[in-house]
Protein chains: 2
Amino acid sequence: MTQDSTRVDNRRTDTRDRILQVALRLFADNGYAATSLQKIADELGVTKAALYFHFKTKEDILGGILLGHRGSVEDMVDRVGPRLHTPAGREELLRLISDYQATRSQYLIRLIRENAVEIGNLSLGAQIRDAQRRLLDALAGPDATLLDRIRARTAFCALHVAVKHGDDLDASAEEIREAALTVALEILHGVDQNT
Amino acid sequence: MTQDSTRVDNRRTDTRDRILQVALRLFADNGYAATSLQKIADELGVTKAALYFHFKTKEDILGGILLGHRGSVEDMVDRVGPRLHTPAGREELLRLISDYQATRSQYLIRLIRENAVEIGNLSLGAQIRDAQRRLLDALAGPDATLLDRIRARTAFCALHVAVKHGDDLDASAEEIREAALTVALEILHGVDQNT
DNA sequence: GTCTATATATGGATAGAC
DNA sequence: GTCTATCCATATATAGAC
């Protein structure tokens, strides 16, 4: 080992990760377009120019934040795999999504929902969109009717309600998450009953 | 009548309304922050300066678009009034919301959802937020449990799915709207069954 | 009511020193 | 890896002529 043992990932600093972390919060809170590189740099205590050592453009920072999300979405579908053709499999997928949303930063959920336009402009955005569509179609089940597909999308939406209305509903985040999952499962059971 | 009979609303031109119309579309499609006054002026075939005759600031244009929305939301709750304490009344409210979303421009729905940050900064934004909360609480019914309130919010969300996934679901807008209303009613019936 | 012209600020991005 | 300094485009907004 000729390298400093404090190094991680062969990098001397963790600035890149800190940029992503701060940018995620600011993009989610204030919007991508309304967040200047100056603000990000200020919060980190560095200059704008430092950001450009780690990322080629502002869009690349957004891309860096979203990288991995696409994979996570695809992994959830793959993990359940062939069991998706059964009601139990689809219920399992819904629980995976709920867990994913609880584990990952709430900022990421809001970032994706409230910056759909800018994300859509990224090449990565189209891939995320496709992955999400596959997930929703899997949730609707095979040979799904229009009603089934809307139920699947609404069940997915129910999980988002926990994030969206977290402040309005006076309950703990965990209580809200469990209740949202319950409602989502109710809706999904509607899919299975009417087919 | 000393005034030109072609006048409407005591104004000589309809530029103000055309500004609001074009701005609504651009704000919804590209985001508020990413839409410059120059783009709005270009689409109208006027200069930026002309916009400032009709609106004091860019935010005022956003406010002008949203004006009336708050009233519409409050009107829906008031229209159903005391019947809100019955399941039938809450179902009626849900149908009113569905009609409202179908009647009003789809642009308005997307504008509100995807520019929550900027709208929240307006004083009008806080009022819209309050009105919507009252609507959601009314939908949940009196003495609603946490589960009931999440069902109400999810039912509301179901109606939005029609707008959000309009392109993914290969069906007519009217078919999607009807199906979304059906799902929303299913969820709301869950409220009434479990209380 | 709309124009031209301009003030003023800030945005993203780059060059080159250290 | 981070800095200072700067380029250049575009943003909101205003002044004053027509």
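Just so you know, these numbers use all the heavy atoms, side chains as well, and skip hydrogens, waters and symmetry mates.
- In this structure, K58(A) satisfies the cation-pi test against Y32(A), with its NZ or CZ atom closer than 6.0 Å to the six-membered ring centre and inside 45 degrees of the ring normal.
- Once rounded to the nearest 0.5 Å, the distance linking CG of L181(B) with OG of S98(B) reads 4.5 Å.
- For R79(B), the CZ atom sits in a loose shell: 12 or fewer heavy atoms of surrounding residues, nucleotides or ligands are nearer than 6.0 Å.
- Counting heavy atoms from C-beta outward, L94(B) and R90(B) have side chains that stay 4.5 Å or more apart.
- Going from atom NZ of K48(B) over to atom P of dA15(D) covers 15 Å, rounded to whole Å.
- Going from atom CD1 of I61(A) over to atom CD1 of I65(A) covers 7.5 Å, rounded to the nearest 0.5 Å.
- When the nucleotides dT4(C), dC3(D), dT2(D) are ranked by their closest atom to the side chain of A49(A), dC3(D) comes out on top.
- Shown for residues 114-125 of chain A: no residue has heavy atoms falling under 4.0 angstrom of DNA chain D.
- Taking CD from E43(A) and CD1 from I19(A), the interatomic distance works out to 13.0 Å, rounded to the nearest 0.5 Å.
- Taking 4.0 angstrom as the limit, T47(A) places a side-chain polar atom (N or O) nearer than this to OP1 or OP2 of dC3(D).
- By the 4.0 Å N-to-carboxylate-O rule, D42(A) lies too far from K39(A) to be salt-bridged with it.
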Before you tell me yes or no, could you show the steps for R70(A) and V73(A) under side-chain contact (heavy atoms from CB on, under 4.5 Å), namely the whole-Å CA-CA distance, both residues' side-chain angles and the distance that decides it to 0.1 Å?
CA-CA 5 Å; R70(A) 176 185 66 107; V73(A) 173; 5.9 Å; no
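- Of the residues in residues 20-46 of chain A, those with a non-hydrogen atom less than 4.0 angstrom from any atom of DNA chain D are G45(A), V46(A).
- Between H69(B) and Y100(B), a ring centre-to-centre spacing shorter than 6.0 Å is recorded.
- Non-hydrogen atoms lying under 4.0 Å from DNA chain D are contributed by Y52(B), T57(B), K58(B), all within residues 50-60 of chain B.
- Around the CZ atom of R18(A), the shell of radius 6.0 Å holds more than 12 heavy atoms that belong to other residues, nucleotides or ligands.
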